Amino acid sequence: MKERRKIIIIGGGFAGLTAAKELKNTDADVTIIDKTNHHLFQPLLYQVATGALSPGDIAVPIRAILDENSKIKVLLGEVKEIFPDQKKLKLVDGREIDFDQLIMAPGSQYNYFGNEDWKVFAPGLKSISDALKLRERILLSLEEAEQIKAPADRKPFLTYVIIGGGPTGVEMAGAIAEIAGRSMLHGFKNIKKDEIKVFLVEASSEILNGFGEPLGEKARKMLENLGVKVLRNTSVTKIEKNRAYLKVGSIETPNIIWAAGIKASPLLETLQVEKDRMGRVFVNQDLSLSKYPDIFVLGDAAHCEDIAGNPFPALASVARQQGKFVGEMLKKNPKVGSRPKFAYWDRGKIATIGRAKAVADVNGLKFSGFFAWFLWSAIHIMLLVGFRNRLHVGIEWMWNYFTFKRGVQLITDRSDCEHCRMPELQKQVSC
């Protein structure tokens with residue numbers, strides 16, 4: 001009797017999960033490995049960080065998604081190393097797993113451009129844990145500012161610095177400007193709206209570079225109308241506790257958020273193959289490695305080029321289409337020389353900038369304002385996994401739209417004493 005193929009999928013994100021769903025009826029033993037037990041809709045993480053949504057609204061257990069097909073095995077674990085020549089991988093706990101075909105979709109991490117020590121003081125936003133920590137940091141800053149009588153002393157706690165003018169940075173800046181300046185000030189007696197300062201720092205000459213003009217300029221004006229100060233052509237030279245140093249001057253605040261670029265997972269280093277400057281591995285047109293045709297790399301980990309020679313962007317739509325492509329291909333399992341070529345259908349780019357404001361580039365049509373925001377909302381709701389999440393997120397957004405209030409404003413973990421973060425507050429309160 002012929003032994004069944006062993007297909008291993010690393011990563012339960014958009015690419016890995018889509019590939020797994022395509023392989024649900026294949027004649028192979030399929031295992032999906034992820035270091036968390038849930039699929040996370042990362043484009044809405046910032047809404048958890050800013051109190052608009054709860055973690056359960058954007059995350060679903062992988063087992064629940066694949067429950068209809070018990071043949072797919074779900075393994076909670078973190079892959080430490082790949083041995084491509086032996087067709088074997090090793091987990092951090094020492095377990096070793098053999099494979100016949102491997103789908104790698106390990107995602108990405110934030111790129112601090114060699115300044116890894118900045119990560120402690122300027123966290124990024126890649127996980128539920130990151131979002132919850134950031135939400136509590138925002139809320140604690142308001143609570144701490146409320147206890148300080150002198151406006152000059154509470155100024156750092158009411159200042160927010162977002163580094164990076166891409167979609168994540170722009171959306172985060174707009175959301176913080178709205179919640180800190182309007183939604184979360186209800187109940188605070190000492191804080192005035194004009195005390196809230198939000199800075200968006202971008203090293204290049206424009207924000208939302210991938211959108212092109214005039215959308216970048218429109219997004220900047222929308223942010224400035226919300227009270228965000230957009231600092232273009234401004235590089236960050238150093239970050240330390242409670243202070244960000246810029247090309248000119250510095251800003252004192254405990255609220256520093258990093259959104260300035262990504263790099264591929266360090267797991268790719270174990271493949272010993274050619275990579276680009278972002279750490280992504282170069283793949284063939286069937287998304288396999290030239291040296292190892294039974295290893296496929298997808299999503300943020302892959303350097304795959306379009307017909308013009310430009311690498312595909314690190315977007316959820318790219319990852320989903322690549323996952324579907326590889327899943328369908330491995331279901332049929334054609335020989336290496338007869339495999340199809342991946343073709344990406346670009347559905348456009350959309351970034352939201354606060355309540356009822358967004359910019360969009362869809363098939364060359366560029367527009368902004370309420371319609372772009374409505375389109376962004378509809379697309380993101382439909383991309384969520386599960387009817388319950390779609391319904392709940394839709395209701396939450398309608399509630400926020402009509403009431404200007406955020407739903408989740410809880411501080412639950414204070415094991416790290418936030419009152420001791422800055423010397424100014426030590427003068428005002430005791431732990």
Side-chain angles (χ1 to χ4, degrees), residues 42 45-46 48-50 106-141 144 155-173 175-177 180 197-205 207-209 228-269 275-280 300-301 314 413 415-418 420-425:
Q42 283 193 352
L45 260 181
Y46 82 96
V48 174
T50 54
S108 60
Q109 60 187 17
Y110 275 106
N111 189 356
Y112 288 83
F113 306 101
N115 303 288
E116 296 304 314
D117 55 318
W118 293 2
K119 188 183 300 184
V120 178
F121 313 119
L125 199 57
K126 280 292 182 182
S127 68
I128 289 290
S129 178
D130 293 338
L132 293 177
K133 288 177 182 177
L134 183 54
R135 186 185 76 188
E136 297 205 345
R137 176 177 292 197
I138 293 171
L139 292 171
L140 275 166
S141 290
E144 292 167 342
K155 180 180 178 181
F157 297 98
L158 300 177
T159 301
Y160 302 85
V161 175
I162 299 93
I163 301 169
T168 300
V170 167
E171 291 177 346
M172 178 65 75
I176 291 179
K197 305 296 181 185
V198 181
F199 296 88
L200 179 63
V201 182
E202 169 57 40
S204 65
S205 59
I207 62 173
L208 296 179
N209 277 325
V228 178
K229 188 169 184 180
V230 181
L231 304 178
R232 295 171 293 172
N233 296 308
T234 303
S235 57
V236 176
T237 58
K238 182 181 178 182
I239 300 175
E240 60 184 25
K241 187 176 183 180
N242 305 323
R243 189 175 291 276
Y245 293 86
L246 310 179
K247 182 171 64 174
V248 177
S250 65
I251 302 174
E252 183 182 12
T253 176
N255 306 305
I256 306 172
I257 303 163
W258 188 267
I262 61 173
K263 62 180 180 180
S265 167
L267 179 62
L268 301 176
E269 295 287 344
K275 294 178 290 295
D276 65 13
R277 60 184 181 85
M278 292 175 59
R280 300 174 299 186
D300 298 350
D413 185 7
S415 56
D416 181 18
C417 182
E418 295 286 344
C420 298
R421 290 189 304 188
M422 299 184 70
E424 289 85 348
L425 194 60

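Since this is a predicted model, take the numbers as computed values, not measurements. The figures that follow rest on heavy atoms only: side chains count, while hydrogens, waters and symmetry mates do not. Along the sequence shown, residues carry numbers from 1.
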Please step through side chain to side chain contact (heavy atoms under 4.5 Å, CB included) for the pair K241 and V120, ending with a clear verdict.
-> CA-CA 8 Å; K241 187 176 183 180; V120 178; over 6 Å; no
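- Counting only distance, with no hydrogens or angles, the side chain of N115 and the backbone of W118 share no donor-acceptor pair below 3.5 Å.
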Side chain to side chain contact (heavy atoms under 4.5 Å, CB included) between Y46 and L125, intermediate numbers included = CA-CA 7 Å; Y46 82 96; L125 199 57; 3.8 Å; yes
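- Under a 3.5 Å cut-off, the side chain of S265 and the backbone N or O of G107 do not form any donor-acceptor pair.
- Without hydrogens or angle criteria, K247 side chain to N233 main chain gives a donor-acceptor distance under 3.5 Å.
- For residues 107-116, the pairs satisfying salt bridge (Lys or Arg N to Asp or Glu O under 4.0 Å) are E116-K119, E116-K263, with sequence neighbours left out.
- One finds the CG atom of N111 at 9.0 Å from the CZ atom of R277 (value rounded to the nearest 0.5 Å).
- Atoms OG1 and CZ, from T50 and R135 in turn, are 10.0 Å apart once rounded to the nearest 0.5 Å.
- Taking CD1 of I138 as the start and CE of M172 as the end, the distance is 6.0 Å to the nearest 0.5 Å.
- For the pair Y245 and S250, the tightest heavy-atom approach, listed with the atom from each and the gap, is CD2-CB, 3.7 Å.
- Salt-bridge check for R243 with E252: passed, with a basic side-chain N closer than 4.0 Å to an acidic carboxylate O.
- K133 is linked by a side chain to side chain contact (heavy atoms under 4.5 Å, CB included) to S129, counting only residues two or more places apart in sequence or in another chain.
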Check step by step if side chain to side chain contact (heavy atoms under 4.5 Å, CB included) holds for N255 and I257.
-> CA-CA 7 Å; N255 306 305; I257 303 163; 5.9 Å; no
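- Closest approach of L200 and G169 over heavy atoms only: CD1-O, 3.7 Å.
- Side-chain atoms of I262 and M278, non-hydrogen and from C-beta on, do get closer than 4.5 Å to each other.
- Between atom CG of residue N242 and atom CD1 of residue I256 there is a gap of 7.0 Å, rounded to the nearest 0.5 Å.
- For K155, the side chain to side chain contact (heavy atoms under 4.5 Å, CB included) criterion is met by T159, not counting sequence neighbours.
- A salt bridge does not link K126 to D130: none of the charged side-chain nitrogens sits closer than 4.0 Å to a carboxylate oxygen.
- The two residues L267 and P106 have their closest heavy-atom pair at CD2-CB, 4.4 Å.
- Closest of all the heavy-atom pairs between A122 and I239 is CB-CD1, 3.8 Å.
- A 6.0 Å sphere centred on NZ of K229 holds no more than 12 heavy atoms belonging to other residues, nucleotides or ligands.
- Side-chain atoms of V248 and T234, non-hydrogen and from C-beta on, never get closer than 4.5 Å to each other.
- Scanning both residues, A177 and V198, for their nearest heavy atoms gives CA-CG2, 4.0 Å.
- When side chains are defined from C-beta on, S141 counts as touching Y160, because their heavy atoms get closer than 4.5 Å.
- Looking only at side-chain heavy atoms (C-beta outward), Q42 and S127 stay at 4.5 Å or farther from each other.
- Contact between R137 and P254 at its shortest, heavy atoms only, is NH1-O, 3.0 Å.
- If you take CG on L231 and CG on L246, they are separated by 6.5 Å, rounding to the nearest 0.5 Å.
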